[in-house]
Amino acid sequence: MSQYHIKSLEEYFQVYHKSVRQPETFWEEIAEENFVWKKRWDSVLDWNFEKHEIKWFDGAQLNITENCLDRHLATRGNKTAIIFEPNDPSEPSEHITYRELHRRVCQFANVLKDQGIKRGDRVCIYLPMIPQLAVAMLACARIGAVHSVVFAGFSANALAERINDCECKIVVTSDGSFRGNKTLNLKAIVDEALETCPTVASVLVVKRTKEEVNMKEERDFWLLPLLDAAYKDCDPEIMGAEDPLFILYTSGSTGLPKGMLHTTAGYMVYTAYTFKNVFQYQENDVYWCTADIGWITGHSYLIYGPLANGATTVMYEGIPSYPDWSRFWHIVEKHKVSQFYTAPTAIRALAKENISFVEEFDLSSLKVLGSVGEPLNEEAWHWYNDIIGKGKRPIVDTWFQTETGGIMISPIPFVTPTIPTFATLPIPGIQPCLMNDEGNEIKGNPAEGRLCIKFPWPSMARSIWGNHERFKETYFSLFENKYFTGDGALRDNTGYYRITGRVDDVIIVSGHNLGTAPIEDAINEHPAVAESAVVGFPHEIKGNALYGFVILKETGETRDHDNLRKEINQIITERIGPIAKLEKIQFTIGLPKTRSGKIMRRILRKIANNDSSDLGDISTLLNPEVVEEIIEHSKV
Ligand code: WTA
């Protein structure tokens, strides 16, 4: 039996029980047998959920790029590591071997060094889905710099906020990005952001779209000539197991985005382990994850997990609808993709299109279908299963978070029997539990409550950059000695988990986490706005969309409401990005509030859901009369 690669349900249960009974032995054996280390750890796990300190493999020394690149060179040097599929289907795809990737990473690492970047420095990467993005991340890891990848759909303001929070020294970007038939001038966005980023000394610019950009003297450099001049060898920096690997920002219910800090050894071990099992990756498979690398799924399951296993991973630059809705299936056929991993919002959008977009293509290479990011509803599950999987490929509905680093609850394909809407069983090493409102664990099945994790796992975030207090407060204060996920879940009679959705003020729109507070702050910046509240409501494709209730300063505001709506969405686009735009905006005279002045979002959520039949007791509100008025106008 191999603990690293589970092949039957019986093995799964055996391995799972061992992982709970002897977690340290379990992870120690996996770490020992499947990775290369410069020095062995002194202890496998030190933890204290009360002090919120977690250390895995402390004392060990390694470099993650040695595990993702160097060690494959002898046996897989000529194997393709990354297949790059460009936005434009007439542009040839690129096959980058492990040897070639290794060389590019070393050269890029030398360029970073030449720019004065040292171990521990933060590097902001703001790039489209092109190979240089993967190379830049790995180059940081090579020299021990900490990458902070920012999704290249965020606005200048959101980018600046993230750069300043972790005080990046350098930004890696491109002239522009191709998105379907549009191009986006990324460099201009970076220029705007850098007006308020005093820590950034230089900018490396990849040439991609070849459009005109401003290059600021002594700050901005085209990357290519620097790469050409750089040495081809770069010894990996020897890192401690708990040295930071990267920071990745995620939205919280309030305040600034949280810079989740991930460290080296535990993250590597866990993402590699879950990649192998959840996708049952075999040596000659071609694996494709459609997520953008700007999100955790892209970090863990497009780059680190696959490369640590010596896999071939596809990187697609464009969007599912370009040049038409058959593009994904075209790519599956073209590269003979074996494992396909995408998001429910994409599945729902694809399912709405004509079936002929699928039927034209040979999808027989597919073995495993994956989903992540939000609940995969039953209808979408069936379409995925019937139309893409032809009823024969297991669907892995994988649950995890930026904070968890790797997949936590998921079927293991060909091993765990699946049921639509259930993420099924925990990965070995993961001890989930459900908590009730009184703060007690709900034992027995079936059960429904708040999803917590009772025991540390190797890839959990170690802190929020620069704010350990907030880390404690957000994840470890609600339930004693447990990590609280922010999600609700139910467990059926057989112990299978279904994730029911967020129980806090985070709304997941098209798979992107959005906190309501920063959106409300943006709305309130409009000079005509007095106050606002944002809630989510169900949307056929996006899963959720945003509904804003807005109070204007002057109730007799004579300005055209449609114009105001446009202006509000414009501010949101500037402050956060187009993904946070409101689908509906209702102007109202008041917001339902408790006597202590707290907005009753529960009521607004029901109204936005078109379900105002049972609002519960509203008589205790400060202003019950506004509820009627809001309901009345919501129907207009
Ligand atoms: C949600 C994405 C239901 C959940 C990897 C979680 C899911 C949040 C699933 C994290 C799933 C993720 N079923 N909900 N299979 N996967 N979620 O940080 O609410 O972008 O807390 O990480 O996505 O989003 P994040």
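As the structure lists them, so they are numbered: ligands from 1, and atoms in each ligand from 1.
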### Task
For Y281 and T312, work out which heavy atoms get closest and say how close.
OH-N, 3.0 Å

#### Entry: Polar proximity ligand 1 side, T402 side, N/O cut 3.5 Å exclusive
yes

### Task
Locate the shortest heavy-atom distance separating K55 from E242; write the atom from each residue and the value.
CA-OE2, 3.3 Å

### Query
Which of the numbered atoms in ligand 1 are below 4.0 angstrom from a heavy atom of I296?
5 (C), 22 (O)

### Task
Could you name the option among D487, D397, T297, L376 that has the heavy atom nearest to atom 19 (O) of ligand 1?
D487

#### Entry: contact_flag W295 ligand 1 heavy-atom lt 4.0 Å
no

### Query
Honestly, is R327 close enough over Y322, meaning NZ or CZ under 6.0 Å from the six-membered ring centre and within 45° of the axis?
no

### Message
Within this structure, what is the OG-CD1 distance for the pair S510 and I579, rounded to the nearest 0.5 Å?
### Response
9.0 Å

## Note on the structure
for atom 1 (C) of ligand 1, nearest protein heavy atom and its distance come out as G373 O, 3.2 Å

### Task
Out of E374, H299, R498, R502, indicate the one that has the non-hydrogen atom closest to atom 9 (C) of ligand 1.
E374

#### Entry: Sole residue of E374, E583, H512 in side-chain hydrogen bond (donor to acceptor under 3.5 Å, both in side chains) with K542
E583

### Task
Considering the heavy atoms of N513, write down every atom of ligand 1 situated less than 4.0 Å from one of them.
10 (C), 18 (O), 20 (O), 24 (O), 25 (P)

### Query
Does A423 reach ligand 1, in the sense of a heavy atom lying below 4.0 Å from it?
no

### Query
Looking only at distance, does T398 have an N or O less than 3.5 Å from an N or O of ligand 1?
yes

#### Entry: Flag side-chain contact, heavy atom, 4.5 Å: V146 against L245
no

### Query
Which residue owns the protein heavy atom closest to atom 8 (C) of ligand 1, what's the atom, and how far is it?
I508 CD1, 3.6 Å

### Query
Hey, is P375 one of the residues with a heavy atom under 4.0 angstrom from ligand 1?
yes

### Query
Hey, would you say the F422 and W381 ring centroids sit under 6.0 Å apart?
no

### Query
Got the closest protein heavy atom to atom 2 (C) of ligand 1, with its distance?
F400 O, 3.8 Å

## Note on the structure
To the nearest 0.5 Å, atom OH of Y249 lies from atom CD1 of I464 at 10.5 Å

